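Keep in mind that what you see is a predicted model, and the values were worked out from it rather than measured. Along the sequence shown, the residues carry numbers beginning at 1.
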Amino acid sequence: GTWMVPKESGAYMAAGTTGSCTAQGFLVAFFYGMAITMNAVLATAYYYLVKNEREDGTRTKRSVRLILTVPLLLPLFLSVMPLFNSGYNYTDASVCGV
């Protein structure tokens, strides 16, 4: 909603600050990115399991680490980048984002 948007924006029920808008933008970018990346990594992993006719429990430690780290690190890197140039702002769509 608009409550994290800075008051100066003039948005309906805006009660936030620049910091709350930045936090909302960062969290939205991180969690949406993590959901998309996790979905892609799991789809790829299961595609290779089916293609190679392997059982689900036969994953190696390396593949488990890959499945668990890529969906965290890639969105984290991409969502931290706009923090350095004040990239998270009110978007006139009732949310703060890039």
Handout entry: Which atom of Ser79 lies closest to which atom of Phe30, heavy atoms considered
Key = OG-CB, 3.7 Å
Exercise for the section: Kindly determine whether Phe26 and Leu76 satisfy side chain to side chain contact (heavy atoms under 4.5 Å, CB included), including the steps that lead there. Expected result: CA-CA 9 Å; Phe26 172 79; Leu76 182 64; 4.1 Å; yes
Practice task
Would you name the heavy atoms of Ile67 and Ala45 that are closest together and state the gap between them?
Solution key: CD1-CB, 3.8 Å
Problem - Cluster check Tyr32, Leu72: I/L/V/M/F/W/Y, side chain < 4.5 angstrom - result: no
Completion exercise
Rounded to the nearest 0.5 Å, the CG atom of Leu74 sits from the CD1 atom of Ile36 at a distance of 10.5 Å
Handout entry: Sidechain-backbone polar pair: Asn52 side chain, Tyr48 backbone, donor-acceptor under 3.5 Å
Key = yes
Practice task
Using modelled atom types only, decide if a donor and an acceptor are shared between the side chain of Thr37 and the backbone of Met34 within a distance under 3.5 Å.
Solution key: no
Exercise for the section: Flag yes if Leu27 and Leu78 sit in one hydrophobic cluster, no otherwise; membership is Ile, Leu, Val, Met, Phe, Trp, Tyr, and two members link when side-chain heavy atoms are under 4.5 Å apart. Expected result: no
In residues 80-87, what donor-acceptor pairs under 3.5 Å come from side-chain atoms, sequence neighbours left out?
{"residue": "Asn85", "atom": "OD1", "partner": "Gly87", "partner atom": "N", "Å": "3.4"}

Problem - Verify same cluster id: Leu73, Met38 (apolar side-chain graph, 4.5 Å) - result: no
Exercise for the section: Indicate yes or no: at least one non-hydrogen side-chain atom of Val41 is less than 4.5 angstrom from one of Pro71. Expected result: yes
